[in-house]
2 protein chains.
Amino acid sequence: MKIIGEKINGTRSQVRKAVLERDAETIAALARAQADSGAAWIDVNAGTPADREPEDLVWLVRTVQAAVDVPLCLDSANPAALAAALEEVRKPPLVNSISGERARLEGVLPLAARAADGVIALAMDDQGIPGSAEGRLAIIRRLLQATRAAGIPDEHVYVDPLVMSVATNSDSARVALATLRAARAEFPGVHFTSGLSNVSFGLPARSLINRAFLILMLEAGLDTAILDPLDRELRKALLAAEVVLGLDRHCLAYTRAFRAGLLE
Amino acid sequence: MKIIGEKINGTRSQVRKAVLERDAETIAALARAQADSGAAWIDVNAGTPADREPEDLVWLVRTVQAAVDVPLCLDSANPAALAAALEEVRKPPLVNSISGERARLEGVLPLAARAADGVIALAMDDQGIPGSAEGRLAIIRRLLQATRAAGIPDEHVYVDPLVMSVATNSDSARVALATLRAARAEFPGVHFTSGLSNVSFGLPARSLINRAFLILMLEAGLDTAILDPLDRELRKALLAAEVVLGLDRHCLAYTRAFRAGLLE
């Protein structure tokens, strides 16, 4: 499982404040901590109004790149911000994200096709997020038609089946799992990712719920996850699940983590 | 998920000593602790040589029944011990276990059919435990033929797909999961159970591995598990997985556990 570190997100108050005040050290520390914890990409989301987002996202890109060597995941629905950020990246990034929403497809997909290493594709469109796996699969089919038409090979597409909170709909995680299994069977060449933490929104002890969901998504075929790499319990659960599912050859990563004291 | 409490097992040195010394208080304390932690059955396994096992198992049955009101799971392959124990039980117990092994089928199945509330059926025979899900499914088919022929309704049969350690074979858990899914599709009326802890034999931080496996088995259709109900982390993982899979209506059990401080 590859990890996209989620912590540099302007919807978090600490990050929002750092962006507005150009507090580079706070951002750099978040980037370093996530890279040290194994993040393969660092997500950067400015979360500021559209008129200033290009400038803010460029500042985030420069600040994170000054701190770590890990590629970025540019997290914006704003074509102007993405275009500006893509001029700054030193390594081809992921673009987070396109969806079946017309504005995103028309505005973001051409940028991703031209300059990104991969694009995250959300199973939703202008009508919202379908309640059924079949509805989401229909959107995923249209998204793959669009990425292929734009010249993006399937192995550069990261489909997110989307998960809603189980607090409001007890079927939410099962629908995400079913969407993932069906899409993986139909599109074996694409990657699958998920922003996990929505699943536990509104519930207490959220990390416990996130862990159980991550383990189940891994079995269903998730190969990339957007999560907090500093959540030690989540990383322990992931290491254990990789052993159980035969994804950790000779249990090497697990026993190495144990010897390093990371499983305590 | 219903729990069979596994702690009163003569292979554990504390229990072995208590059985040999007729230390009723140790056994009663283990029974009470497991019942208080939600065990639906208390497994009793004397683990002593065949010639004294009937007497030891009867003592265990009497001792546990004096302490708790929960039904028992009589854990022996010895027909003489099971027959003696079945004379003592106050509530119809589970019998643990039959398998495709000829001696068990001939010796244990008639006793289970006559006096038990259910019987655990292991996916192995005189040739051992098949390495493939197909091989185990073939045994499960023969076991169901035998239980039906003995007049046991499917809903009183608890099939255990068996899991070996992932330390020696990285495919072990996947084979157990595949066996469970296939058997459940073919025999929707039976229960499915698993002695989970084998999966982590020989590995460090075993509880982490057991937790991940329990979550995956729950999704695959496990409805009963043989485990240590005093393992708080395992119970937390199970409560979270039940929420994720929509098995905890309105998240009531989870939020109740949170308010009781059990998720900390």
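The sequence lines fix the lettering, A, B, ..., with proteins before strands; numbering per chain opens at 1. This is a predicted model, so every value here is computed, not measured.
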Exercise. Contact part of A:L177 toward chain B, heavy-atom cut-off under 4.5 Å: side chain, backbone, both or neither?
Worked result: side chain

Seminar exercise, completed: Among A:G246, A:A212, A:P204, A:A176, the residue with the most heavy-atom pairs under 4.5 Å to chain B is A:P204

Checking heavy atoms, do the side chain of [X], its backbone, both or neither come under 4.5 Å from chain A?
X: B:F213; result: both
X: B:L218; result: neither
X: B:L247; result: side chain

Taking atom [atom1] of [X] as the centre, does the number of heavy atoms from other residues, nucleotides or ligands within less than 6.0 Å exceed 12?
X: B:M164; atom1: CE; result: no
X: B:F201; atom1: CZ; result: no
X: A:R184; atom1: CZ; result: no

Considering all heavy atoms, the nearest [X]-[Y] contact:
X: B:A173; Y: A:V244; answer: CB-O, 3.1 Å
X: A:E219; Y: B:L216; answer: CB-CD2, 3.5 Å
X: B:A167; Y: A:C251; answer: CA-SG, 4.3 Å
X: B:A240; Y: A:L208; answer: CB-O, 3.5 Å

Exercise. Would you find a donor on one side and an acceptor on the other, under 3.5 Å apart, between the side chain of B:Y254 and the backbone of A:L203?
Worked result: no

Exercise. How long is the gap from OG on B:S170 to CD on A:E242, to the nearest 0.5 Å?
Worked result: 13.0 Å

For this session: For each of B:V243, B:L245, B:L263, tally heavy-atom pairs with chain A at distances under 4.5 Å, and name the one with the top tally.
Result: B:L245

